[in-house]
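Below is one structure, written out as structure tokens; the observations come after it.
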Number of protein chains: 2
Amino acid sequence: MNSFTEENYLKAIYKLSLNGVQGVSTNAIADKLATKPSSVTDMIKKLADKKLVSYQKYQGVNLTKKGSDVAVSIIRNHRLWEVFLVEKLNFKWDEVHDLAEELEHINTHKLTERLDEFLGFPKFDPHGDPIPDKDGNIIQHKDVTLSDLIRGEKAVVVGVKEHSKSYLNYLEQLQLVLGAEVEVKDIVEFDATMQILVNNKQVIISNQASKNLIVKKI
Amino acid sequence: MNSFTEENYLKAIYKLSLNGVQGVSTNAIADKLATKPSSVTDMIKKLADKKLVSYQKYQGVNLTKKGSDVAVSIIRNHRLWEVFLVEKLNFKWDEVHDLAEELEHINTHKLTERLDEFLGFPKFDPHGDPIPDKDGNIIQHKDVTLSDLIRGEKAVVVGVKEHSKSYLNYLEQLQLVLGAEVEVKDIVEFDATMQILVNNKQVIISNQASKNLIVKKI
DNA sequence: AATAAAATTTAGATTAATCTAAAAATATAA
DNA sequence: TTATATTTTTAGATTAATCTAAATTTTATT
């Protein structure tokens, strides 16, 4: 079995690998986990001993198949619990991350599968992130963001790239929730600030905000 | 915040105090937690520093109000999660203990209260143990066991004093589940083995088994 | 290619939880 | 009540995860 800490490292490395990076850097991991590079080096050695990552000094790490499987299963758990918290316990989408961070480590095959079934085999979590299926397959929706649209285009909100409470809370105030329809009315050339229509209401949104909102054109 | 380990110590001390014991012994705690007395002494000192227990060398420990509150809230969590696992995820009563041992430590007020509400404010867990309410009040049903009955008496199964998988599994095979009606047909004088009627079926049950089954006379 | 800057690793400490073995205190029994 | 047994505590080590500070390697820049 792996400790919570080991699991968090594997998850961090997995997520940092998604950008197609070959060899995740020690500093990047330290940043993501809010720890020190020297601590990361120590842990990487341990994970390498357990064949969960492949590692050569100064060259960064990559997950092995085994390590990747563990990471995906934790992500599966995390996202299923988020669905549970929002759909069954009526939490809001900006409240569930920290709780799911704890629940995800109760990593028992049977519990996960029963939960999945109880929830009706959801495909996405409350933030639009895809939930890996029981075999670890995961649908990656391609990241078209609101900031990619041009004037006159319409789209539906399908996810977020940033999960902070403040961002999610802000989006909710603007009614920019999953499924909302948006239409680009105008874009400021200077800083890409957008004027958009959400539920017939005019909204002004910064580039910082629009580039973190994943949409699907319609 | 308290670590998982600290919480497990508090829970163990709480349970060992239920028999009206003043000053829970180091050895009893070590036994319950499958650890060594020297480890227990170390941890007790730490808990005493945090004002969670009162302690004098060689005299055993007692929970303070603060320590007792923590213990009760963990027990509340544990039992609520057990209800969830059995009623919502269709686990059997002999499968839920270990999972609940992990879930109980995600000790967030809001989560517990939402779960309680979702489950319909249950009063008892799947083994018949009372669930403390949100203020920590707990109904203690007085422990009449099957072994206390005499020939001819009838009763309903309301709980168990022993939670091992093997015991629970055995009871289920005999249909001695919560709510089952039993009638004492005969008792062997030598070793208190009982012949009882469960759902019109004759069952022979040892004293070891009957004294761990909590019943209510009817 | 030499040097400066940045990233990474090593060395050595620290903290929490545990252990074994030995010492001290308490309880029990002749 | 003295000796013996049991319980509890202390002393000193160990393991996992972390840290700081120093050393090393890689990368970037002149």
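Throughout, a chain's letter reflects where its sequence line sits, starting with A, and its residues are numbered from 1.
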Open item on the list: Between P on D/dA21 and NZ on A/K36, what's the gap in Å once rounded to a whole number?
Closed with: 10 Å

Open item on the list: Measure OH/A/Y58 against P/C/dA5 and give the value in whole Å, please.
Closed with: 19 Å

TODO: Taking only Lys NZ, Arg NE, NH1 and NH2, and the carboxylate oxygens of Asp or Glu, determine whether A/D49 and A/K45 approach each other closer than 4.0 Å.
DONE: no

Task: Length of the line joining B/D42:CG and D/dG12:P, which is rounded to integer Å - done: 14 Å

TODO: Kindly determine whether B/N27 and B/S25 satisfy side chain to side chain donor-acceptor pair (under 3.5 Å), including the steps that lead there.
DONE: CA-CA 5 Å; B/N27 265 4; B/S25 80; over 6 Å; no

Open item on the list: From the set D/dT26, D/dT18, C/dT18, return the single nucleotide nearest to any side-chain atom of A/M43.
Closed with: D/dT18

TODO: Under 4.0 Å between any heavy atoms, over every strand shown, what does B/T5 touch: base, sugar-phosphate, or nothing? Just pick one.
DONE: sugar-phosphate

TODO: Output yes when A/K217 and A/D148 qualify as a salt bridge under the 4.0 Å nitrogen-oxygen rule, no when they do not.
DONE: no

- [ ] Please determine if B/K134 and B/E117 form a salt bridge, counting it only when a charged side-chain N lies under 4.0 Å from a carboxylate O.
- [x] no

Task: Aromatic plane relationship, A/H127 with A/H163 - under 30° parallel, 30 to 60° tilted, over 60° perpendicular - done: perpendicular

Open item on the list: Given the structure, check if the side chain of B/S38 and the base of C/dT18 hold any donor-acceptor pair shorter than 3.5 Å.
Closed with: no

Task: Residue-level proximity of residues 23-35 of chain A to DNA chain D when a heavy atom falls under 4.0 Å - done: A/T35

- [ ] Can you tell me the distance, in whole Å, between the CG atom of A/N8 and the P atom of D/dT18?
- [x] 9 Å

- [ ] Whole angstrom is fine here: how far is it from CG in A/N2 over to C1' in D/dA16?
- [x] 14 Å

Task: Mutual orientation of the aromatic rings belonging to A/F84 and B/F118 [parallel < 30°, tilted 30-60°, perpendicular > 60°] - done: perpendicular

Open item on the list: How many whole angstroms separate atom CG of A/D49 from atom C1' of D/dT15?
Closed with: 14 Å

Open item on the list: I want to verify a distance call: between C/dC19, D/dT10, C/dT9, whose nearest atom is closest to the A/Y55 side chain?
Closed with: C/dT9

TODO: Output yes when B/R76 and B/E113 qualify as a salt bridge under the 4.0 Å nitrogen-oxygen rule, no when they do not.
DONE: yes

TODO: For A/F4, report the nucleic acid contact type (base, sugar-phosphate, nothing); a contact means any heavy atom under 4.0 Å.
DONE: nothing

- [ ] Taking only the side-chain heavy atoms of B/S39 (C-beta and beyond), determine which of C/dC19, D/dT9, C/dT8 contains the nearest atom.
- [x] C/dC19

Open item on the list: From NZ of B/K45 over to P of C/dT18, roughly how many Å is that when rounded to an integer?
Closed with: 15 Å

- [ ] Could you tell me the separation between the NZ atom of A/K57 and the P atom of C/dT9, rounded to a whole number of Å?
- [x] 8 Å

